[in-house]
Structures are given as C-alpha cells and as structure tokens.
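In what follows, every heavy atom counts, from backbone to side chain, and hydrogens, waters and symmetry copies are set aside.
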Amino acid sequence: MKTIYTSIDIGSDTVKFIVSELYNDKFNILASHTIKTKGIRKGLIVDANLVINTIKDGVKEINNNLGIEIKKAIVNVPSYNSKFIYTETSKEITSEDSKITKEDINELIKKSVYSKIPNDYELLTVQPLDFIIDSENKNPYPVGKTGKNITLKAIIIATPKKNIYSVVSVMEASSIELTDITISGLADYYEVRNDSTDKKVGAIINLGHETTTVSIFNRGKIMNTETIQIGGRNIERDLARVFNIDIFETRVLKEKFASAHKRFLSLTEVFEIKNTVGEVMKLSQLEVSEVVMARLSEILELAKKQILLLTKQKINYVILTGGLTEIKHFKNLCFEIFGKDVIIYSVDTLGVRDNKYTTALGMVKYFNDKMLVRGKNYTMIDSVDESLLITPKNNNKKNDKIITKIFGSFLSNSKED
C-alpha cells in the first residue's frame, strides 16, 4: 500500500494544495497547485460560496495533473482564540501478553479529553508530550511495547466551534472528506523542525498576506499561538498610497523590485509604472524599498513583542517563514531586529520550493507523525486510484459523486481514531 496524503492550506491570499507520497521516510511531491483565494479575509471565511468554488477549482487542477480524484484531505482552521489545556491520564493494559495496542492508545487519548473542553469550543487534537509505561519508561511510539500501565501527558488543543464549523461545511460542499484538521502554527513546526528544536524552547513566525502568526514551542510541542492582524497586504497598501498606484500593481513592486533593507540595493535601478491617472512614473529602488522596509520592520517588531507576551521562558531559537520571507535581503533586516541567530527557513522540497508551502508541507508531516503514534498505516487514496497512479489510463475520469462523512461522526471518530 502506498502512503499518500493530501493537504489543503486555506490562506487569505492563496489556497495551497499538495499531494505527497511517503517513500523510504521521505515525502515526495506528486502534485501541487496554488490558486488565488476568494471569500476569505484575515484567515476567516466571509463568503462560503466563493471559497467552495476556489476549493473545487484547485482540486480539479490537481485531479487533472494526477489522473485520479482527490477525495480526502487534511485542512487547517483559524487559530484565533485557541486554548491549550494540559492533561494527564492513565489506563491499565489488559491484554494477556501485556502488549500496548493502537486501541489502548485511542482509548487513552479519548479519555484524556473527557470534561476538559469548554462548551463553545471543539477538540482540534491531542498533542502527546510523553507516554510513560509503568511509571518510568518513556516512549513516543508506545504501540507494540509491553507494560501493565500507561500514562499520557498531553496538551489538548481546542478552538472555538465557529472556527471549525465554517471550514468543515465548506469542505463538505466541495466533496472533500476531512481526514484531519490542524492549525497553521502546529503544521509549520513539523516542516521546520530538527533535532535541535525538538529539545529547546523557541518561536516560529509565519509572515502571511494579511496576518502574521507567532507560535511558541517547548521541546517540539506547541504551547501557545497568536495571530497579528498585519501582513504583506499592508505593504501593498502602503505602496499604493505613497505612489498613487493601483494596489493590484504593487505586488510586482514588492516581490520583484523592492529590497527589505535599504542598505542592500542598487541606486541606479528604476521601475516604470503607471499611476492611477495613467501617467508613467519612474520609481527608484531606494524610494520603493524605504516604504517596504518601514512596514516590514513594524511587522517584525510586533512579532518580537508577541513572543514576550506568549511566554516567560527563555527563547533559544526564532524561525521565520511564510511568503514575505521571499523579499530580497529579508534576512538582513531580520538580523538587525532579532540578532544573527535568527533562522530564515527556506523550503527545499522538490516541486514546492517556495516558503508559501511551509504550512501545507508541515500538515502532511504532522499527520504522518500522528499515525505513527497511533500505530496506524494510512493512505488517502483507494486501491483503484493507487493502480491508476502506477499505470495511468486515459479514461480515468469518474462521474461518481463523493459523499463526505457526517460532521458529528468526524468529530467523534475520525480525528483521534
């Protein structure tokens, strides 16, 4: 059985789609696609019909590229007002051979959330901190090990029901079955993590189009997250206002011409662009970069302050990712604000070498780790589609409609089973 996962990262600017295969402990990209977002503002769905059409268009493109139909996916939900609740739960191992089964782990996880979640919140996931066998032996993957008792120490992540319901309803209307849901901060960590971050306290900053997400991690586990209502869109608005140009023209200025730091630019380069009254203007790289640098500095300073508000612990690392990190000389501005130890993460996975894919890539890695903890082998395609991937056919288009699981069933079974 091939291990194939699909993730859909619903962002304010674009929706990112990834289909990947886990082979020899490495994820290989089978298909990826980015489509302009419609109906989302600052990470929240404001027009469900527009979002549904966006999802359908993106999935159609992926289906055409692969020659199969994507039916299941992992999706992210807004992290606004999320709660992180510590829990500790134990259970006896009752099997005759004292082996811990995946059923034991599922039962333990379900038991850990009992009476812990506020009425207006919904369970997102249970993030294990430690599995302790017989009060002394720690093991992150306990299935198959032996013991008489197992204790789970974990963080329950819950989000307001409205954050989840809006996304679930959109995915159901798009004929995509939700295999799992997560928040962007958690997914980001699984993409940027390494042996060093798994042992330390640190922060990940994802600089997006309309928002900036700051998340705190302790030994690889998310402890808190906050979303700042500012991002790349603010830079575009600044450029439009200062130079009296159409905001739709500003993205090229921001991404292709500007420098994040005015010390590192050409004084002779100019960019020709028409203003709102049709006059051709010649903008120097210096004047454009001064506008971009001013707003970027504000965003980074706000993120730096947010780290101090989210934790009192000493921060050992700061990692920055997201689309804004692609601006020229971004790292030089970051060094000035955070110091030389800051890490600018760069996605290097073949097929998606762009930091805008950080969350989508992390989602599949997070889900795979979740399956390992539960001792499960899982794939998001059936045997028929697996055969089509191995031996493509020209007539592989299907007309059957996909019926998604009932939402209640999803919440009670699919996420944590």
Side-chain angles (χ1 to χ4, degrees), residues 9-16 34 36-47 78-80 184-185 188 203-215 225-262 264-265 271 273 275-276 281 283-307 309-310 318-334 336-338 342 344-345 354-356 358-359:
D9 172 20
I10 303 176
S12 297
D13 182 44
T14 57
V15 180
K16 280 74 69 176
T34 299
K36 187 71 177 175
T37 298
K38 295 179 182 178
I40 294 178
R41 187 172 301 145
K42 295 188 180 297
L44 299 173
I45 294 173
V46 295
D47 190 321
S79 59
Y80 294 106
S184 298
D188 289 343
I204 297 177
I205 302 170
N206 190 315
L207 298 108
H209 184 64
E210 291 190 343
T211 60
T212 297
T213 304
V214 182
S215 304
T225 187
E226 188 62 64
T227 300
I228 304 171
Q229 301 293 319
I230 189 171
R233 181 72 167 173
N234 297 85
I235 296 174
E236 294 171 9
R237 287 172 178 163
D238 290 344
L239 292 169
R241 175 179 50 82
V242 171
F243 300 115
N244 192 29
I245 55 180
D246 193 306
I247 194 167
F248 295 105
E249 303 290 336
T250 58
R251 183 163 298 194
V252 176
L253 271 180
K254 180 187 72 175
E255 296 179 354
K256 305 298 183 184
F257 186 65
S259 170
H261 202 298
K262 61 183 180 182
F264 305 92
L265 47 76
F271 191 95
I273 192 170
N275 61 20
T276 55
M281 304 171 60
L283 303 178
S284 72
Q285 194 173 43
L286 175 60
E287 58 186 338
V288 171
S289 298
E290 283 179 332
V291 175
V292 172
M293 181 180 176
R295 183 63 80 173
L296 262 181
S297 298
E298 179 191 9
I299 294 172
L300 294 175
E301 290 288 358
L302 286 171
K304 186 177 180 180
K305 290 178 181 177
Q306 193 61 55
I307 293 174
L309 294 173
L310 290 175
V318 176
I319 301 174
L320 291 100
T321 188
L324 273 183
T325 61
E326 302 284 354
I327 296 178
K328 296 175 186 176
H329 305 115
F330 178 81
K331 67 179 180 179
N332 300 98
L333 181 60
C334 290
E336 195 170 278
I337 294 173
F338 288 97
V342 68
I344 314 300
Y345 184 74
D354 193 306
N355 281 356
K356 66 185 179 184
T358 299
T359 301

**Prompt:** For the side chain of H261 and the backbone of N332, is there at least one donor-acceptor N/O pair under 3.5 Å apart?
**Reply:** no
**Asked** If you measure from CG on L207 to CD1 on I230, what distance do you get to the nearest 0.5 Å?
**Response** 10.0 Å
**Atom pair CG/CD of L310 and E226 - distance to nearest 0.5 Å** = 6.5 Å
**Request:** Would you mind reporting whether E290 and M293 have side-chain heavy atoms less than 4.5 Å apart?
**Result:** no
**Message:** Would I307 and I205 count as a side-chain contact (heavy atoms from CB on, under 4.5 Å) here? Give the steps.
**Reply:** CA-CA 9 Å; I307 293 174; I205 302 170; 4.1 Å; yes
**Prompt:** How close do N275 and N244 get, heavy atom to heavy atom, and via which atoms?
**Reply:** CB-O, 3.1 Å
**Message:** Between S12 and H209, is the side-chain hydrogen bond (donor to acceptor under 3.5 Å, both in side chains) condition met? List the steps.
**Reply:** CA-CA 6 Å; S12 297; H209 184 64; over 6 Å; no
**Message:** Let's go through K356 and D13 carefully: what are the C-alpha distance in whole Å and the side-chain angles of both, what is the deciding distance for side-chain contact (heavy atoms from CB on, under 4.5 Å) to 0.1 Å, and is it a yes or a no?
**Reply:** CA-CA 10 Å; K356 66 185 179 184; D13 182 44; over 6 Å; no
**Request:** May I ask you to decide if K256's main-chain N or O and K328's side chain share a donor-acceptor pair within less than 3.5 Å?
**Result:** yes
**Asked** Under a 4.5 Å cut-off applied to non-hydrogen side-chain atoms, are Y345 and T325 in contact?
**Response** no
**Item:** Close side-chain approach of I273 to V252, heavy-atom, < 4.5 Å
**Value:** no
**Expected output: side-chain E287 to main-chain S284 donor-acceptor under 3.5 Å** = yes
**Request:** Evaluate side-chain hydrogen bond (donor to acceptor under 3.5 Å, both in side chains) for S184 paired with T213, printing each intermediate quantity in order.
**Result:** CA-CA 8 Å; S184 298; T213 304; 5.9 Å; no
**CA sep, side-chain torsions, deciding dist, call: F257, V288, side-chain contact (heavy atoms from CB on, under 4.5 Å)** = CA-CA 8 Å; F257 186 65; V288 171; 4.1 Å; yes
**Message:** Would the distance check show the side chain of T250 and the main-chain N or O of A240 forming a donor-acceptor pair, the cut-off being under 3.5 Å?
**Reply:** no
**Message:** As an exercise, state the distance from CD1 of I235 to CG of L253, rounded to the nearest 0.5 Å.
**Reply:** 12.0 Å
**Asked** Are any side-chain N or O atoms of T358 and backbone N or O atoms of D188, one a donor and one an acceptor, separated by less than 3.5 Å?
**Response** no
**Side-chain heavy atoms of M281 within contact of I245, under 4.5 Å** = yes
**Request:** Might you point out which heavy atoms bring S289 and S259 nearest each other, and give the distance in Å?
**Result:** OG-N, 2.9 Å
**Prompt:** Which pair of heavy atoms, one from L333 and one from S297, lies closest together, and at what distance?
**Reply:** CD1-OG, 3.5 Å
**Euclidean distance, E301 CD relative to L296 CG, rounded to 0.5 Å** = 11.5 Å
**Prompt:** Okay, side chain of S215, backbone of T225: is any donor-acceptor separation there less than 3.5 Å?
**Reply:** no
**Test log, rule side-chain contact (heavy atoms from CB on, under 4.5 Å), inputs Y80 and K42** = CA-CA 10 Å; Y80 294 106; K42 295 188 180 297; 3.9 Å; yes
**Prompt:** How long is the span from the CD atom in E210 to the CG atom in L44, to the nearest 0.5 Å?
**Reply:** 10.0 Å
**Asked** G231 and L324: which non-hydrogen atoms are nearest, and at how many Å?
**Response** C-CD1, 4.1 Å
**E236: which of K254, R241, R295 passes salt bridge (charged side-chain N to carboxylate O under 4.0 Å, His left out)** = K254
**Complete:** For A258 and V292, the nearest pair of non-hydrogen atoms, with its separation, is CB-CG2, 3.7 Å
**Message:** If you compare all heavy atoms of I327 against all heavy atoms of A260, which two are closest, and at what distance to 0.1 Å?
**Reply:** CG2-N, 3.9 Å
**Prompt:** Counting distance only, does the side-chain N/O of K304 pair as donor-acceptor with the main-chain N or O of I337 below 3.5 Å?
**Reply:** yes
**Message:** Side chains of F338 and I344, heavy atoms from C-beta outward: is any pair under 4.5 Å?
**Reply:** no
**From L320 atom CG to T212 atom OG1, the distance as rounded to the nearest 0.5 Å** = 9.5 Å
**E326 side chain to N355 backbone, donor-acceptor under 3.5 Å** = yes
